Number of protein chains: 2
Amino acid sequence: MPLQADHRVTISSSAENSDASGYVLEDQAGHLLRRAHQRHSAIFQATIGDDQLTPLQFAALMKLSDVAETSQNLLGRMTAMDAATMQGVIKRLIARGLIERRPDDVDRRRLLLTLSQDGAKLVRELSAHGRAITDQTLEPLSTSERETFLKLLKRLSGQ
Amino acid sequence: MPLQADHRVTISSSAENSDASGYVLEDQAGHLLRRAHQRHSAIFQATIGDDQLTPLQFAALMKLSDVAETSQNLLGRMTAMDAATMQGVIKRLIARGLIERRPDDVDRRRLLLTLSQDGAKLVRELSAHGRAITDQTLEPLSTSERETFLKLLKRLSGQ
DNA sequence: CCCAAATTGTTCGTATACAAACGATGCAGC
DNA sequence: GCTGCATCGTTTGTATACGAACAATTTGGG
């Protein structure tokens, strides 16, 4: 059986018969969430205005600007990062001088984190970019569709 | 200022004033997409019935069962994986004996991929699990909400 | 007072995710 | 026929993502 020209794709007989397995990748929630997330990451990278900053680092900084000081573990839980991931994100933010860390006098297992002055400054500078990123991510939707989408997405986020 | 008991969280004054920066992490599309995707990955891991299989590998297998044979590059594009990622996923699927690879006689830059017999068998066995995963991911939504959500999510996926 | 269980944070290993660079190959235009 | 550009796949490096294991510390119950 010769392969088709150009793309070299051969459709299997089950696909020709309206996909007998009933599994269309393009319709699966997981696949679509991944793609939507990838598109969001690309918008973030193009819009944030600091090519050393990643979405996770930005989330940690923004949450720290809300709470002023918190433990590393709690920051991870507030930003949906597990302990190993949090450790790496914190390490890079400290290396950039954007946050500071001190042991908790009361519970010596804990480390307490705060924004440094540079971190606070960056947060003030990039907050508007953060909102623009969300806006651009949701750009294909009308105002009421955005509301509906976010409401449903929150229910799927386990929060 | 003494830290609060238990969680050691101090709310910054901007947060007390209804979050002056206007950036609430929990309301951002990017954050919510990430959490929804994490929840999906956890459901996948718990439901797929093969703890050596990852969502990306499963997607590649399911797409290959549709198309019978295709190039590595095209498979990557059909499953939203870039070339470097695809290379790693393919390597692991070949190592498990689930797919086979041969050079394209017509265009020697290309490699052509197909499911092996073991891969085809695994696809038959796990297709239903794949549909169950999507079902469980969308479980918090009613039927009409699912339809609405997927429609909107597709628009945000760039497809 | 002791001990088991839990919590916090680090490290390791594996799997994406993707930009950038590179080599091999193909193609179109001159 | 040659060349520039594009495509394909690999490799490298960095950043998550997360399970598992470990050490240090805390806590509550016996």
Side-chain angles (χ1 to χ4, degrees), chain A residues 5-8 30-31 33-46 48 51-60 70-77 79-96 101-113, chain B residues 5-8 30-31 33-46 48 51-60 70-77 79-96 101-113:
Chain A
D6 202 33
H7 286 313
R8 295 288 181 263
H31 177 71
L33 285 168
R34 199 165 68 83
R35 294 179 61 125
H37 187 258
Q38 284 171 332
R39 179 174 161 273
H40 165 78
S41 295
I43 292 170
F44 181 96
Q45 192 61 44
I48 196 63
D51 65 9
Q52 301 293 311
L53 205 64
T54 67
L56 273 288
Q57 293 168 12
F58 184 69
T70 187
S71 70
Q72 182 167 311
N73 181 269
L74 188 56
L75 183 62
R77 291 198 265 125
T79 54
M81 300 184 216
D82 87 9
T85 300
M86 180 89 271
Q87 197 278 331
V89 170
I90 293 309
K91 175 182 161 190
R92 285 181 281 279
L93 290 173
I94 289 176
R96 278 192 65 176
R101 179 161 81 177
R102 70 180 180 86
D104 183 342
D105 293 331
V106 175
D107 184 334
R108 293 194 305 187
R109 294 172 294 181
R110 286 178 172 168
L111 292 166
L112 297 176
L113 307 171
Chain B
D6 202 33
H7 286 310
R8 297 286 181 265
H31 176 72
L33 285 167
R34 199 165 70 83
R35 292 178 63 122
H37 187 259
Q38 284 171 332
R39 178 175 163 273
H40 166 76
S41 296
I43 291 171
F44 181 96
Q45 193 59 44
I48 197 64
D51 66 7
Q52 301 293 310
L53 205 64
T54 67
L56 274 288
Q57 293 167 10
F58 183 69
T70 186
S71 70
Q72 183 167 310
N73 182 268
L74 188 56
L75 182 64
R77 291 198 264 124
T79 53
M81 299 184 215
D82 85 11
T85 300
M86 180 89 270
Q87 198 277 331
V89 171
I90 293 308
K91 175 182 160 189
R92 285 181 282 280
L93 290 174
I94 289 177
R96 278 191 64 176
R101 179 162 80 175
R102 70 180 181 87
D104 184 342
D105 294 330
V106 175
D107 184 334
R108 288 182 316 169
R109 292 172 293 182
R110 287 179 172 167
L111 292 168
L112 297 176
L113 308 173

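Just so it is clear, the structure is predicted and the values come from calculations on it, not from any experiment.
- To the nearest angstrom, P of D:dA15 lies 18 Å from CZ of A:Phe58.
- Rounded to an integer number of Å, the gap from B:Leu113 CG to D:dC8 P is 13 Å.
- Atoms CE and CZ, on A:Met86 and A:Arg77 in that order, are 12.0 Å from each other to the nearest 0.5 Å.
- The residue B:Thr54 sits close only to the backbone: its heavy atoms come under 4.0 Å of sugar-phosphate atoms, none of a base.
- In this structure the side chain of A:Leu111 never reaches within 4.5 angstrom of the side chain of A:Asp104, judged on heavy atoms.
- In terms of position on DNA chain D, the residue among A:Gln52 and B:Arg101 whose nearest nucleotide sits closer to the 5' end is B:Arg101.
- Within the 4.5 Å cutoff, no side-chain heavy atoms of A:Asn73 are placed close to those of A:Arg110.
- At a threshold of 4.5 Å between non-hydrogen side-chain atoms, the residues B:His31 and B:Arg35 count as touching.
- Each of A:Arg34 and A:Leu111 was matched to the nucleotide of DNA chain C holding its nearest heavy atom; the match closer to the 5' end belongs to A:Leu111.
- Computed from coordinates, the B:Met86 CE to C:dA15 C1' distance equals 13 Å when rounded to whole Å.
- If you measure from atom CD of B:Gln45 to atom C1' of C:dT16, you get 13 Å, rounded to the nearest angstrom.
- Residues B:Ala84 and B:Gly88 each lie close to DNA chain C; by heavy-atom proximity, the contact nearer the 5' end of the strand is made by B:Gly88.
- Summary of the strand contacts: A:Leu56 and A:Arg108 both lie near DNA chain D, and taking for each the nucleotide with the nearest heavy atom, the more 5' one is attributed to A:Leu56.
- In this structure, A:Phe44 places its CZ atom 14 Å from P of C:dC18, rounding to the nearest Å.
- Nearest nucleotide to the B:Gln87 side chain, out of D:dT10, C:dG9, D:dT16: D:dT10.
- Remark: P of C:dA19 and CE of B:Met81 are 16 Å apart, rounded to the nearest angstrom.
- In this structure, of C:dT10, C:dG26, D:dC18, it is D:dC18 that holds the atom nearest to the side chain of A:Thr85.
- When distances are taken from the side chain of A:Gln38 to each of D:dG9, C:dC18, C:dG26, the shortest belongs to C:dC18.
- Whole-Å rounding puts the A:Arg35 CZ to C:dA17 C1' distance at 15 Å.
- Across C:dG26, D:dT16, C:dT8, the shortest atom-to-atom separation from the side chain of A:Arg77 is found for C:dT8.
- Residue A:Asp82 is classed as a base contact, given a heavy-atom separation below 4.0 Å to a base.
- The base of D:dT7 sits with one of its N or O atoms less than 3.5 Å from a complementary donor or acceptor on the side chain of B:Arg109.
- Taking the side chain as every heavy atom from C-beta outward, B:Thr70 and B:Leu112 never approach each other to under 4.5 Å.
- Counted by atom type alone, A:Gln72 and A:Arg101 present one or more donor-acceptor pairs between their side chains at under 3.5 Å.
- The distance between atom CG of A:Leu93 and atom P of D:dT14, rounded to the nearest whole Å, is 17 Å.
- Which of D:dT10, C:dG26, C:dT16 sits closest to the side chain of B:Asp107 comes down to C:dG26.
- Considering only the side chain of B:Gln72, D:dT10 comes nearest among D:dC18, D:dT10, C:dT8.
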